[in-house]
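For this chain, numbers begin at 1 and follow the sequence in order.
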Amino acid sequence: MLRVSSPAHRRLLAGLSLLLARLCCCSAAVPNIAAYFGTKTRYEEVNPLLLRDVLAVNASALKPPPTERCSPVHLTAVVRHGSRYPTVKNIRRINRLSELVRTEAARAPGGWLLELQSRWESWYTEDMDGQLVAKGRAELQQLARRLASLFPSLLSEDNVRKRRVSFVSSSKHRCVSSVEAFQEGLQQHWGHSDEAPDYSHRVDDELMRFFERCRGYVEGVENNRTAQLEMEKFKHGEQMDAVRRRVAETLGLPFHRLTPDLLEAAFFLCSYELSIKSVHSPWCFLFNENDAKVLEYKSDLKQYWKRSYGYAINSLSSCPLFHHVFRMLDKAGRPRRSTEAAPEPASILVGHAETLLPLLSLLGLFKDKTPPTASNYQSQHDRTFQTSRIVPYAANLLLVLYDCQRGPRLQMLLNETPLRFPGLPEDAPLYRDVRAAYRHLLDGCDFHAECEGRAGGRGPSTEL
């Protein structure tokens with residue numbers, strides 16, 4: 001007779017209870033942990049309006065002062081690529097996990113556990129290596145259509161065909177595919193879906209992959225093993241161990257065989273199957289919401305210390321992109337002589353989560369009073385630095401410059417939701433007030449001085 005506390009009995013109970021949960025929830029096909037996948041979160045999770053209509057336009061998000069007559073004159077969009085396949089590193093982990101579960105896990109009595117062990121096969125191959133998937137392409141097409149609906153005078157067919165709108169991409173294939181998909185979406189919006197797109201973009205890694213060219217960052221953070229100390233301590237700490245132990249017992253594996261990396265592979269398998277195939281994978285049933293929050297926090301620790309406020313050089317490495325954006329805004333906002341060329345009505349810049357996070361940090365956004373560490377997980381549940389909400393697939397930072405009666409105004413949106421500049425009380429403050437708030441960066445933030453003149457990023461951040 002089985003004791004209630006035996007691992008076999010716990011696996012049986014887990015299988016029965018989670019099978020019931022699966023039957024209840026699969027009609028929605030969205031696991032209850034879908035909002036906690038960090039940088040592998042679907043865009044729909046941060047913009048729920050799109051769950052009902054992928055082309056839903058939130059016109060109320062545009063907030064120039066109602067007391068002034070204003071018209072948009074320029075849009076800069078810094079966009080992350082859409083949903084993608086796993087990279088080679090994660091594909092290898094997935095394949096190791098699949099083999100481990102198939103060959104070493106105790107045989108499950110039935111249900112989803114048996115499906116994992118005997119019927120689920122890894123279909124990921126190394127040649128996929130981070131390439132954009134069909135859903136990712138659709139995300140950028142739909143984003144383009146929504147922005148063209150919001151800003152018809154800026155993203156007009158005439159402006160794009162006459163090359164007045166610039167398209168810039170990272171050299172990575174997922175970004176190039178994303179900027180092409182954005183242009184396909186514009187054609188769809190104009191009713192030319194059947195025409196072959198006339199793709200036009202410029203690859204600029206100095207702008208979109210600045211982090212690779214910043215020696216202070218590469219040596220002080222990227223290649224500095226101690227820079228990720230907080231993440232490593234949490235990865236092997238009590239919260240992660242508790243999740244590992246529970247999942248290992250559910251799978252019928254020895255605790256030591258399910259390493260933290262393989263645990264994370266199982267978690268991300270749920271996210272990949274959802275974002276790539278729109279299916280509620282059996283891997284999702286291994287995790288409850290509390291487990292997902294622990295794994296999300298581990299990812300947030302990595303991004304905070306590697307790409308955000310953890311070290312000053314993280315955000316300062318984005319100086320080239322910061323200055324580029326403000327040059328575009330300056331040109332669009334100043335009076336123009338009759339002999340000068342017209343400013344670009346829009347600039348679409350496609351990069352990575354690693355492009356957006358340093359820039360957002362340089363702008364002073366999502367900075368909590370207390371930094372996340374390995375030891376303060378319990379006090380960080382209400383943190384604003386939550387990468388699942390900030391940089392999901394197809395994340396976008398929109399800067400909209402308006403020509404208003406009192407002078408140019410600038411509105412910022414993140415993922416199509418209004419976001420105020422730190423220290424400024426209006427949704428669309430005067431552009432001169434925004435420039436004043438960032439004067440220290442506009443007058444400084446020299447990429448060469450910061451990236452070549454520093455010993456690295458070892459000290460904690462003191463910026464903004």
Side-chain angles (χ1 to χ4, degrees), residues 2 4 6-37 40-42 44-45 83-86 90-126 128 133-135 240 242-296:
L2 289 173
V4 172
S6 71
H9 192 239
R10 284 197 293 273
R11 287 198 301 276
L12 178 60
L13 290 177
L16 290 173
S17 63
L18 289 174
L19 179 60
L20 289 173
R22 182 181 188 184
L23 291 172
C24 292
C25 78
C26 274
S27 60
V30 179
N32 65 349
I33 61 174
Y36 302 104
F37 292 133
K40 296 172 179 62
T41 301
R42 300 188 309 166
E44 299 96 301
E45 310 308 328
S83 296
R84 60 166 175 80
Y85 287 114
N90 281 323
I91 289 171
R92 289 172 180 169
R93 287 178 179 173
I94 287 168
N95 292 337
R96 286 204 307 273
L97 173 69
S98 178
E99 179 68 14
L100 178 68
V101 170
R102 189 170 63 253
T103 59
E104 297 188 32
R107 186 58 56 184
W112 63 271
L113 273 173
L114 184 61
E115 182 179 344
L116 281 185
Q117 292 173 344
S118 60
R119 289 193 290 275
W120 191 90
E121 291 186 10
S122 176
W123 54 276
Y124 301 95
T125 56
E126 292 190 11
M128 293 174 174
V133 299
K135 185 178 186 302
M240 282 285 288
V243 178
R244 278 177 62 206
R245 188 168 286 106
R246 197 185 65 75
V247 172
E249 285 185 0
T250 301
L251 288 172
L253 286 169
F255 174 72
H256 73 278
R257 296 292 285 144
L258 187 68
T259 65
D261 287 342
L262 293 183
L263 173 74
E264 192 171 56
F267 184 59
F268 287 151
L269 258 174
C270 174
S271 78
Y272 288 129
E273 304 274 276
L274 179 65
S275 62
I276 296 172
K277 300 168 73 175
S278 297
V279 300
H280 191 155
S281 168
W283 292 99
C284 302
F285 296 102
L286 287 170
F287 304 96
N288 60 39
E289 194 170 359
N290 287 331
D291 299 334
K293 289 178 180 179
V294 169
L295 285 155
E296 178 195 41

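Using a 4.5 Å cut-off on side-chain heavy atoms (C-beta onward), R42 and V30 make contact. Under the 4.5 Å side-chain criterion, counting only non-hydrogen atoms from C-beta, W123 is in contact with K277. Contact of the R102 side chain with the W120 side chain is not registered, since no non-hydrogen atoms from C-beta on lie closer than 4.5 Å. Taking the side chain as every heavy atom from C-beta outward, W283 and L97 approach each other to under 4.5 Å. Counting only heavy atoms from C-beta outward, the side chains of T125 and Y85 never approach each other to under 4.5 Å.
Minimum interatomic distance between A34 and T41 (heavy atoms only, all atoms of both residues): O-CG2, 3.7 Å. What you find for Q117 and A105 is that their closest heavy atoms are NE2-CB, 3.5 Å.
At least one donor-acceptor pair closer than 3.5 Å links the side chain of R244 to the backbone N or O of L258. Although no hydrogens or angles enter the test, the distance criterion places no donor-acceptor pair under 3.5 Å between the side chain of E45 and the main chain of Y36. Checking side-chain atoms of S98 against main-chain N and O of N95 turns up no donor-acceptor pair under 3.5 Å.
Note that OG of S122 and CD1 of I91 are 8.0 Å apart. Values are rounded to the nearest 0.5 Å. The line from CG of L262 to CD1 of I94 is 10.5 Å long, rounded to the nearest 0.5 Å. Put simply, SG on C270 and CG on L286 are 9.0 Å apart, with the number rounded to the nearest 0.5 Å.
Among residue pairs with one or both ends in residues 254-267, those qualifying as salt bridge (charged side-chain N to carboxylate O under 4.0 Å, His left out) are R93-D261, E104-R257, K235-D261, E264-K298; sequence neighbours excluded. For residues 286-296, the set of pairs meeting the salt bridge (charged side-chain N to carboxylate O under 4.0 Å, His left out) definition, not counting sequence neighbours, comprises R246-D291, E296-R383.
With respect to the salt-bridge test (charged N to carboxylate O, under 4.0 angstrom), the residues R96 and E99 do not qualify.
With sequence neighbours left out, F267 forms a ring-ring contact (aromatic ring centres under 6.0 Å, His included) with F37, F287.
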Could you walk me through whether E273 and F268 pass the side-chain contact (heavy atoms from CB on, under 4.5 Å) check? CA-CA 8 Å; E273 304 274 276; F268 287 151; over 6 Å; no
Step-by-step side-chain contact (heavy atoms from CB on, under 4.5 Å) determination, Y272 to N90: CA-CA 11 Å; Y272 288 129; N90 281 323; 3.4 Å; yes
